[in-house]
Amino acid sequence: MRAPMSPYPHLLAPVTLAHVTLRNRVVMGSMHTGLEDRFWHYGKLAAFYRERALGGAGLIVTGGIAPDRRGRLSPLAGTLSHLAATLPHRRVTRAVHDAGGAIVMQILHAGRYGYQPFVESASALRSPISPFTPRAMSDARIRTVIGHFARAARLARIAGYDGVEVMGSEGYLINQFLSARVNRRSDRWGGSIDARMQFAVEVVKAIRREAGDAFILMFRLSLLDLVEGGNTMTETIAVAQALEHAGITLLNSGIGWHEARIPTIGTIVPRAAFREATAQVKRALTVPVVASNRINTPEIAEDIIASGDADLVSMARPFLADPQFVSKAAQDRGADINTCIACNQACLDRTFRGQRASCLVNPRACRETELIYTRTPTPRRIAVVGAGVAGLAAATVAAERGHQVSLFEAASQIGGQFRLAMQVPGKEDFRDTLRYFANRIGATGVTLAVNQRVATDALLRDFDTVVVASGVTPRMPSIAGIDHLKVISYSDLIAGRKHAGRTVAVIGAGGIGVDVCTFLLMDYALSTAAWCDEWGIDVEAREGGGLRAPASHPSPRRVWLLQRSPDGRRMGAGPGKTTGWAHRIALKRQGVEMLAGVTYTKIDEHGLHIVVAGEARCLDVESIVICAGQEAVNDAAGLASARVHVIGGAHRAGELDAEAAIREGVELAVRL
Ligand code: NAP
Ligand code: SF4
């Protein structure tokens, strides 16, 4: 069925699942926001989902809820095991239904991924990402847990959910049973794939019995485990067919266990890189199949469904970035979508720190009841100095609230440091953020003046309020010979004003040092097939886990990455926890030599002279790229005035980061 007169006719076509008709084929995938773990946060959670339902999401999947205490991901994680616990959930389901949406609750038993001492699994094998060794579940305990899944589904139904999603991927408990990597049992639950799938099959049968037919039962199955000892595609298809037979309504796809050392959702993953794995499973099933992972535009989502690779498309983080993703697509306003750039900085990285998730490009995500863009009763003339992301956020939100805003930028284009970042291979999606802001400037009526260097005290004569968001400039450390021709600042290199030779020393191993190494060594304008080659991924999973030997394409450049601090483990620690490791693997594969505990002595025609581990060395390099942090750019005159606000890097260059910059811009604009 196609939606007539629609810009995305396949994506926006309705579909009926278990007596529930979804208004389109867009699934808002499960995300742990941090709000689902405390009942007193359910008002905020309801507001979060309500906005996404109002924005047109076809089917929303909640963050994971444990079926019992031992299945919790963390000691106090949300659990649904008794009737009273359904009460807060009713606020969520009511909010979504009132907004015309449908919602299913994800049941997640973490198994050995649980970050608490009572963890259990198929076998007593500790995972490489948790300090807790699980207890091997007895036959009786397995049957009890199956009952707990069914109980959670029954309670979810009572709470008003349209169904449940059973989390059977990403390496959680059910996935642990499915795979010989963790399942070493010799009883009826282990051994061949037919035995290993019994736990999953019995969970599905029990839920179907308990919740009845008019209830969506989605199963998220790992299509590619991407770990040693994972399943082959033949085994995965056998599991999918058995689940279909057992009574699932639709199959969602998962890619990669959390312990996999292959990136699956970061910016460096090509868009829709794993659609072929979904297509293979879809060809073997009759129930609808959902594609997922690195799908962030309506064009790609439409193409996946139109080409027959999947029946629905799941996007999770794109709904943090823009709750109106679907409604904008439906109105043919795709260019207005605030695109998720897959940075993970404000969502997954925060979740892993135990904080509430949000979004780098949309700080309102998960703060819908706190950051409200109300119309101002007292419109003022506001000057914003600097059109980096801090200034762009402040200017567009202030104008949206009704202020009269002028935005001054010294460069010829908007974007500041973000414009540099988007030149780094694998960060091409960052362009979409600037496209979004450029459109918001037009839509909100901000007056933009580029090539304009302005003074704060002069602006105070014409404007009621001045927002200084003039950003940063690269710091040049005081090393003898720093003015040598070999020396290049990272901004000159990335902007193409200067070029590096074939041998390069990079001074500073923070986020930008890593980005510069990537810029010097990698070509991520790779096809998906070439990218899979490089990371050793076989999307047809002919061998277990979908792994094969990575292809080696060494760069002709030789690069050293250096830092003064002695702790080598922190090298390249700038990018967040969920993405930094992938960058470090990629750099090591390219042969980048990483040196910690370095003292810089001097720079001359021979290269960079250093002392490391007490030994004097000279790195005979053609170029030295400086990535030693930044210094604030602000015009001191006028800053003392109460009518002046300083935000972003101009305020605290030492903590420059795009997430803080946009958040500070929005928070200020809401207060003005
Ligand atoms: P940074 O992370 O603070 O790193 C600066 C580096 O320069 C450090 O390695 C520091 O290490 C070195 N350094 C500082 N002062 C120095 C001096 N006087 N002489 C020599 N070396 C010096 O800063 P950044 O790399 O410029 O990144 C800025 C911000 O953007 C950070 O918050 C970062 O997380 C963020 N960022 C994030 C990403 C991402 O992908 N998530 C990418 C880029 C940037 P030593 O002092 O040990 O030498
Ligand atoms: Fe996407 Fe980054 Fe926002 Fe997460 S923080 S939703 S990855 S843009």
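When a ligand or atom number is given, it counts from 1 through the structure's own listing order. The analysis underlying the following values was restricted to heavy atoms, covering all of them including side chains, and did not include hydrogens, waters or symmetry mates. Note that the structure is a prediction, hence the values are computed from the model and not measured.
- Taking every non-hydrogen atom of G511 and a distance limit under 4.0 Å, the qualifying atoms of ligand 1 come out as 2 (O), 25 (O), 42 (C), 43 (C), 44 (C).
- With hydrogens and angles disregarded, a donor-acceptor distance shorter than 3.5 Å links the side chain of E409 to the backbone of A387.
- Ion pairing of R294 with D429 is present here, as a side-chain N (NZ or NE/NH1/NH2) and a carboxylate O approach within less than 4.0 Å.
- A salt bridge between E370 and R356 is present, with a side-chain N of the basic residue lying under 4.0 Å from a carboxylate O of the acidic one.
- Note that R364 lies in the cation-pi zone of Y373, set by a 6.0 Å cut-off to the ring centre and a 45° limit from the axis.
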Check the pair D604 / H609 against side-chain hydrogen bond (donor to acceptor under 3.5 Å, both in side chains), numbers first and verdict last.
CA-CA 8 Å; D604 62 17; H609 297 259; 2.9 Å; yes

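- Of all the atoms in ligand 1, the ones that sit under 4.0 Å from a non-hydrogen atom of P477 are 17 (C), 18 (N), 19 (N).
- Between Y600 and ligand 1, no pair of N/O atoms sits closer than 3.5 Å.
- Using a 30° and 60° split on the angle between ring planes, F274 and W531 fall in the perpendicular class, above 60°.
- Y49 and E368 share no donor-acceptor pair across their side chains, judged by distance under 3.5 Å alone.
- Remark: D432 engages R271 in a salt bridge, criterion side-chain N to carboxylate O under 4.0 Å.
- Remark: side-chain polar atoms of R497 are not paired, donor with acceptor, to backbone N or O of L493 under 3.5 angstrom.
- When each atom of ligand 1 is checked for a heavy atom of Q345 under 4.0 Å away, the hits are 41 (N).
- When the options R564, Q417, Q563, E659 are ranked by their closest heavy atom to atom 22 (C) of ligand 1, first place goes to R564.
- Counting heavy atoms closer than 4.0 Å to ligand 1, residue K427 contributes side-chain atoms (C-beta onward) but none from N, CA, C or O.
- Atoms of ligand 1 found under 4.0 Å from any heavy atom of G629 (numbered from 1 in listed order, with element): 5 (C), 7 (O), 26 (O).
- Taking the charged nitrogens against the carboxylate oxygens, E605 and K486 have no contact shorter than 4.0 Å, which rules out a salt bridge.
- The backbone N or O of V326 sits nowhere less than 3.5 Å from a side-chain atom of N24 that would complete a donor-acceptor pair.
- Using cut-offs of 30° and 60° on the angle between ring planes, the pair W257 and Y113 is perpendicular.
- Here's the thing with D515: none of its N/O atoms is less than 3.5 angstrom from an N/O atom of ligand 1.
- Distances below 4.0 Å separate heavy atoms of C627 from the following atoms of ligand 1: 5 (C), 6 (C), 7 (O).
- For a threshold of 3.5 Å applied to N or O pairs, the pair formed by Q630 and ligand 1 contains at least one separation below that value.
- Each of the atoms 14 (C), 15 (N) of ligand 1 lies under 4.0 Å from some heavy atom of R475.
- Residue-level proximity to ligand 1 for A658 is absent, since no heavy atom of it falls below 4.0 angstrom.
- Considering backbone and side-chain N/O of G508, none are found under 3.5 Å from N/O of ligand 1.
- By the criterion of a heavy-atom distance under 4.0 Å, both the backbone and the side chain of I512 are placed next to ligand 1.
- Annotation for ligand 1: atoms under 4.0 Å from non-hydrogen atoms of A509 are 9 (O).
- D336 has no carboxylate O lying under 4.0 Å from a charged side-chain N of R440, or vice versa, which leaves the two without a salt bridge.
- Protein contacts to atom 4 (Fe) of ligand 2 involving N, O or S atoms at a distance below 2.8 Å are C347 SG.
- Checked by atom type and distance alone, the side chain of S358 never pairs as donor or acceptor with a backbone atom of C366 at under 3.5 Å.
- For the ligand labelled ligand 1, residue H583 lies outside the 4.0 Å heavy-atom shell.
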